[in-house]
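Written out below as structure tokens is the structure these notes cover.
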Amino acid sequence: MSVSVHPSRTHDVTLECEPTRVGTKLVFSYRVINHGNADIYVMDALAGVDAARRAVANRDSAVVSLMRNGHAHVLKGIAALPTDRSVTMRIVPLAVRLPAGGVLARSLTIPLPLAETSPYFPDLPLRQYELIETQGLYFSVEFLRSTAAGFSATAVDFAPDLYRVSAQNTVGMTERITQAFASQRLSIMKRPDEFPRPD
């Protein structure tokens, strides 16, 4: 996999990422740098339960999709809503606070081949997917600024470093930083259902 040479930047927040293949997994080692003057809250994990039904934070959660331009997209952020049904509550990842001048270093591990994944869609039997060779890869991280109108951050009891965040318009005020990579021999398993694939 060859890597793009420029980090992604949205105003005063920078993303630096280095994806590598490790056996049968794809590992994204990335850093989010806050060059601004106020805290930001970076989407970091999905709330879930373990085998003992205890609340846990899944930090290897990500939204994976095949974009219309043939690129795979791996997103640490808010999944697009289903188009084939209504949902009662939007799933917003738990976020970690990144203070002004701070650096967040994380590593995300995803099994290969990539498979389209969303918290709104359960995994399918393998034979139902279509294996597609990608034209490239995007990696994105989303964050919410503490200066957003109506911003709120509530600590999570089962993950002391994480917060449930919201704003007056949580989705609309969430920002995204993205880095693009040219991929070699990278495939993705495409779902046959009404999986949302926003560009």
Side-chain angles (χ1 to χ4, degrees), residues 1 3-20 25-48 57-67 69 71-81 90-111 114 116-120 134 136-148 151 153 156 159 161-167 169-183 186 188 196-199:
M1 178 180 296
V3 180
S4 65
V5 294
H6 299 294
S8 172
R9 183 166 184 151
T10 299
H11 304 298
D12 49 6
V13 180
T14 300
L15 171 65
E16 299 174 354
C17 179
E18 182 76 28
T20 55
K25 297 179 180 179
L26 190 58
V27 180
F28 296 88
S29 298
Y30 65 97
R31 301 196 319 156
V32 179
I33 306 167
N34 182 4
H35 303 277
N37 299 317
D39 295 350
I40 65 172
Y41 285 75
V42 182
M43 306 299 176
D44 196 48
L46 278 184
N58 178 10
R59 297 180 191 268
D60 270 329
S61 62
V63 180
V64 181
S65 60
L66 176 64
M67 301 181 69
N69 64 1
H71 285 57
H73 187 204
V74 177
L75 168 66
K76 291 287 291 185
I78 303 173
L81 289 172
R90 189 78 185 244
I91 298 174
V92 177
L94 304 176
V96 61
R97 184 177 71 88
L98 181 57
V103 178
L104 176 69
R106 286 289 190 263
S107 181
L108 170 68
T109 300
I110 299 180
L114 296 174
E116 289 193 308
T117 305
S118 164
Y120 300 110
T134 69
L137 174 68
Y138 297 117
F139 178 74
S140 299
V141 178
E142 292 184 337
F143 65 92
L144 190 60
R145 297 179 185 271
S146 61
T147 53
F151 176 81
V156 178
D161 63 325
L162 296 178
Y163 295 83
R164 299 186 189 276
V165 295
S166 64
N169 177 6
T170 303
V171 176
M173 293 177 174
T174 295
E175 298 178 53
R176 177 183 295 182
I177 39 180
T178 300
Q179 198 164 350
F181 307 92
S183 62
L186 182 65
I188 184 170
R197 301 181 180 94
D199 285 343

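Model, not experiment: these values are computed from the prediction.
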Are any non-hydrogen side-chain atoms of E175 and V13 less than 4.5 angstrom apart?
no
Within the 4.5 Å heavy-atom criterion, are V27 and S107 side-chain neighbours or not?
yes
Can you sort out the partners of Y138 under side-chain hydrogen bond (donor to acceptor under 3.5 Å, both in side chains), two or more places apart, ordered by chain and number?
N69
Heavy-atom pair of closest approach, residues N37 and A100:
C-CB, 3.6 Å
Do V141 and F28 have side chains that approach each other closer than 4.5 Å (heavy atoms only, starting at C-beta)?
no
Is there a side-chain contact between V74 and L108 in this structure, where contact means two heavy atoms from C-beta onward sitting under 4.5 Å apart?
yes
Can you find a heavy atom in the side chain of R106 that is under 4.5 Å from one in the side chain of V42?
no
Return the minimal non-hydrogen interatomic distance between C17 and F139, and the atom names on each side.
SG-CD2, 3.6 Å
Output the distance between atom CG (N34) and atom CD1 (I40), rounded to the nearest 0.5 Å.
4.5 Å
Do L137 and L26 come within less than 4.5 Å of each other through their side chains, counting heavy atoms only?
yes
Roughly how far, to the nearest 0.5 Å, is the CD1 atom of I188 from the NE2 atom of H71?
12.0 Å
Residues in salt bridge (charged side-chain N to carboxylate O under 4.0 Å, His left out) with R97, at least two apart?
D39
Identify, with sequence neighbours excluded, every residue that meets side-chain hydrogen bond (donor to acceptor under 3.5 Å, both in side chains) alongside S118.
none
I need the L15 CG to Y30 OH distance, nearest 0.5 Å.
8.5 Å
For R164, the salt bridge (charged side-chain N to carboxylate O under 4.0 Å, His left out) test, sequence neighbours excluded, returns none
Inter-residue atom distance I78.CD1 - E142.CD, 0.5 Å rounding:
5.5 Å
Could you tell me which residues satisfy side-chain contact (heavy atoms from CB on, under 4.5 Å) with S61, sequence neighbours excluded, listed by chain and number?
L46, N58, K76
Rounded distance [0.5 Å steps], OG1 in T134 versus CG in L66:
8.0 Å
Can you tell if the side chain of V64 reaches within under 4.5 Å of the side chain of E116, non-hydrogen atoms only?
no
For A45, enumerate each residue passing the side-chain contact (heavy atoms from CB on, under 4.5 Å) test, keeping only those at least two apart in sequence or located in another chain.
A57, R59, L162
Run the side-chain contact (heavy atoms from CB on, under 4.5 Å) test against P196 and tell me which residues pass, sequence neighbours left out.
A80, F121, P198
Distance col, row M43:CE vs T174:OG1, nearest 0.5 angstrom, shows 4.0 Å
Tell me, please, which residues at least two apart from R31 pass salt bridge (charged side-chain N to carboxylate O under 4.0 Å, His left out).
E16
Set of side-chain contact (heavy atoms from CB on, under 4.5 Å) partners for V63, sequence neighbours left out:
L75, A79, P119
Could you tell me if the side chain of P93 sits less than 4.5 Å from the side chain of D44, heavy atoms only?
no
